[in-house]
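Everything below concerns the one structure shown next.
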Amino acid sequence: MLPVNAEDFRTIWLCPDDDSVVQIIDQRLLPHDYHIQDLKRWQDGVEAISDMYVRGAPLIGATAAWSLYLASLDVSDPAAEIRTAADALLQSRPTAVNLGWAIERVLTVIEAASSSEDLPALIRREAGDICNEDIEISRGIGEHGLRLIEEIAAGKNGGAVNILTHCNAGSLATINWGTATAPIYFAHRKGIAVHVWVDETRPRNQGSQLTAWELAANGVPHTLIVDNAGGHLMQHEMVDLVITGTDRTTRCGDVANKIGTYLKALAADDNDIPFYVALPSTTIDWKSRDGLTEIPIEERDNAEVTDIYGVSNGERIHVRTTAPNTPVSNYAFDVTPARLITGLITERGICDASEDGLLELFPEMRTE
Ligand code: MRU
């Protein structure tokens, strides 16, 4: 296993020996195997996103941008191929807004290009910029979120700050550092005692398989819990702070994130525990206001619920845990209304989960 090194770690990159190949970590195999997967055609990028080799809103966007770079290579009409690829990529996962954002950004570059011969180099630069900017965004979230952890730590007499997180909004969900994890990594590096309660995050187990793995790789103390344990821990004062990520946040501050986030927010509210959402500005859907009616919620394959994956005697296996014909529903995300959110941690600072709060930090998005 390669260590997740917070300085030079990346989740997607151009193959050093062949610039017609993009490389990713196949996150479906973690924590058991660290397998680097080649993406050679844009169709590989679509598969990587929809089958969740890569996941997490910022990384989904970056993968789409790199897939459009692949679409521009070795074809007679790159602009047409890129548009076909863009349409397919847009369908690959509906909830994370970064996907459409990154595709739009690349398409804007294409429209401005004077010759189709320039497209590979232009898209390569844009995809690289998207990744570099994402690292800086995560760093900004880390710096601002650190202040919250420091404030809580000041009242704990050296005791660990207990932070609960859901899903994986870590380095693996971004290019590096993560969103929800960035403040935690910054605090840990600064010598502040932190301990993370890691929600397992059924059905795909992003918590047990990804967050726990990367926290361990970074030496951050953590404990894995089942998804339903959070409320109990909060009632017994074992959680000081909740930080989650988000896949799409409306301009009024409603947050779509991995299914189960809403229940954590309800429990946090009932127990007066601060509930923050780490929010890269690339994840704000400025066109939507009401999360409950305007955010598309992805429904995924029933097998994610009926079956479970793991390793037995060194072999990756999956087993069905249900009767063969059990009816299943598998909503992948839910919406936490802004009223349950203490604040949004963005790369520009922390604000209220409201239109006014967001516009104070992003005044360029005012419409009137
Ligand atoms: O289905 P996933 O694994 O793509 O869902 C990811 C999440 O819900 C994360 O919490 C969210 O994308 C934030 S990632 C910075």
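First listed ligand is number 1; within each ligand, the first listed atom is number 1.
- Taking only non-hydrogen atoms, the option from Arg93, Arg204, Arg300, Glu298 nearest to atom 2 (P) of ligand 1 is Arg93.
- Contacts between Thr283 and ligand 1 below 4.0 angstrom, taking non-hydrogen atoms only, are absent altogether.
- Residue contacts with ligand 1: Gly56 is placed with a nitrogen or oxygen under 3.5 Å of a nitrogen or oxygen of the ligand (distance criterion only).
- For the pair Lys258 and Phe333, the cation-pi test (distance below 6.0 Å, angle within 45°) is passed.
- Distance check, rounded to the nearest 0.5 Å: CD of Glu298 to CZ of Arg93 gives 4.0 Å.
- By heavy-atom distance, the residue among Leu172, Asp247, Thr174 lying nearest atom 8 (O) of ligand 1 is Asp247.
- Between the side chains of Ser281 and Glu347, at least one donor N or O sits under 3.5 Å from an acceptor N or O.
- Using a 3.5 Å distance cut-off with no hydrogens or angles, the side chains of Thr250 and Asp285 do not pair a donor with an acceptor.
- The backbone and the side chain of Lys258 each have at least one atom closer than 4.0 Å to an atom of ligand 1 (non-hydrogen atoms only).
- Ligand 1 has a nitrogen or oxygen under 3.5 angstrom from a nitrogen or oxygen of Asn257.
- At a heavy-atom cutoff of 4.0 Å, ligand 1 is contacted by no atom of Thr244, backbone or side chain.
- For ligand 1, none of its N or O atoms has an N or O atom of Gly245 under 3.5 Å away.
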Is there a ring pair (Phe, Tyr, Trp, His ring centres under 6.0 Å) between Phe9 and Trp177? Walk through the geometry before answering. CA-CA 9 Å; Phe9 175 79; Trp177 292 107; over 10 Å; no
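- At distances below 3.5 Å, at least one donor-acceptor pair connects side-chain atoms of Lys264 with backbone N or O atoms of Asp227.
- Relative orientation of the Trp197 and His195 rings is perpendicular, given thresholds of 30° and 60° on the angle between their planes.
- Residue-level proximity to ligand 1 for Ala332 is absent, since no heavy atom of it falls below 4.0 angstrom.
- Contact between Thr95 and ligand 1 is absent, with no heavy atom of the residue lying under 4.0 Å from the ligand.
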